[in-house]
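Counting starts at 1 for both ligands and their atoms, in listed order.
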Amino acid sequence: MEEKRFAFFKKPPDKRRQAEITTYLKTRHPRLFWGAIGHSILGEELRYARLGCGKRALLYVGAHHGMEWITSLILYRLIDDLARIEERTGKPPLPEDHSLYMLPMLNPDGVEIELHGAAAGGPLSDRLVRQNGGRTDFSRWQANARGVDLNHNYDAGFCAYRVKEKEAGITGGCPTRYSGEYPFSEPETAALAAFLAILQPAAILTLHSQGEEIFYHPVSPPIAGADALGMRLARLTGYRLGEADGMAAYGGMSDYAAEGLRLRAYTIECGLGQNPLPIRDAPVIYRRLRRALFLLPTLL
Ligand SMILES: [Zn+2]
């Protein structure tokens, strides 16, 4: 009889649902290695699952942004699928010298606040309401629990962005696009930057929503193979390949990985519609991305 699959795409991944998902994954795949790169402001572990133990690392990161929790579900489902292949074949579906790190949620506090409102902010809840313009509706919340947009908190064009931020009227913690006091001021981005520096991944995919686009940050001199890999990813997903512009072109993880560390890093804007994308879009997005997520290790 065929095993009933865990329904990853049934509920948004709040803290409670994530506990269910990780319990399932740990029980179903006891060989899978789990670790954490650090903790969020409110003390949540920033967990990853790793497949393979080769020296050449790859990294997938989900949910930098509160409204974009659908990307975590995509990565949880991927972990399950890849671990199943490993069990079936006796080895991870990666070239031998590779390892794949999958970090489904970099911003667990922001996701919890987006899903459950200011109360999820614990001791920060009053300030969160102020940062949200006095509103109790947090359904458009992208930032972390201090009102910092994590994907503008990396050290890439930080000063130049500050000017644009001021022009846009952003002067402090708020639902989206505030870059923080200084680069890596937030524990989530500081933890990921330290992890990147140690791991030096051969390629990084960071999943956001939405737009069906893939962005990367060209640098001079160009990073060998960065264009070609971007084009392969675009072909495999059917998403459009482009360069970020406007405010989106500053302070992001893939900007920093390319500019600061000269790593091949791509921002994948999953799905199409209005954030937060409805959960019913998750299986469609997964089908669209699966080949790229599965095959990336073989494309390097
Ligand atoms: Zn995003």
Side-chain angles (χ1 to χ4, degrees), residues 12-14 40 46 59-76 102-115 131-132 138-154 156-158 161 164-165 168 170 173-180 183-184 186 188-189 191-193 196 204-217 233 237 239-258 265-279 281-282 285-286 288-289 292-293:
D14 63 3
S40 70
L46 307 174
L59 174 65
Y60 299 166
V61 181
H64 266 74
H65 288 136
M67 282 199 283
E68 303 175 10
W69 43 258
I70 204 163
T71 59
S72 304
L73 299 178
I74 301 296
L75 290 181
Y76 280 126
M102 293 164 280
L103 198 162
M105 192 178 287
L106 185 71
N107 185 10
D109 301 345
V111 168
E112 196 72 5
I113 291 162
E114 196 273 340
L115 291 169
Q131 291 178 333
N132 199 32
F138 279 78
S139 61
R140 315 271 311 149
W141 190 263
Q142 290 281 56
N144 72 352
R146 273 205 293 235
V148 176
D149 187 321
L150 296 181
N151 214 39
H152 286 296
N153 189 238
Y154 293 87
F158 196 85
Y161 181 75
K164 295 193 174 279
E165 199 176 56
I170 299 166
C174 63
T176 181
R177 298 191 302 175
Y178 172 57
S179 60
F184 308 124
E186 304 311 293
E188 297 89 352
T189 48
L192 190 51
L196 287 180
I204 304 164
L205 303 184
T206 167
L207 306 189
H208 288 253
S209 70
Q210 49 76 46
E212 298 194 338
E213 284 181 292
I214 299 173
F215 294 116
Y216 74 114
H217 187 109
L233 291 169
T237 54
Y239 284 11
R240 198 165 65 90
L241 182 66
E243 289 173 26
D245 55 11
M247 287 180 84
Y250 297 87
M253 181 205 172
S254 40
D255 308 316
Y256 171 68
Y266 305 87
T267 300
I268 304 197
E269 294 287 356
C270 303
L272 200 59
Q274 211 195 358
N275 281 329
L277 292 177
I279 199 164
D281 289 3
I285 293 169
Y286 187 66
R288 193 80 179 264
L289 292 184
L293 296 171

Please find out if the Zn ion (ligand 1) and some N, O or S atom of Glu68 are separated by less than 2.8 Å. yes
Between the side chains of Thr206 and Ser254, does any donor sit under 3.5 Å from an acceptor? no
For the pair Tyr216 and Tyr266, name the ring-plane relationship: parallel under 30°, tilted 30 to 60°, perpendicular over 60°. tilted
Quick check, are the ring centers of Phe184 and Tyr256 under 6.0 angstrom apart? yes
Checking distances from the Zn ion (ligand 1), one finds that the N, O or S atom of His65 closest to it is ND1
Rounded distance [0.5 Å steps], CD in Glu188 versus CG in Leu106: 6.5 Å
Here the N/O/S atom of His208 closest to the Zn ion (ligand 1) would be ND1
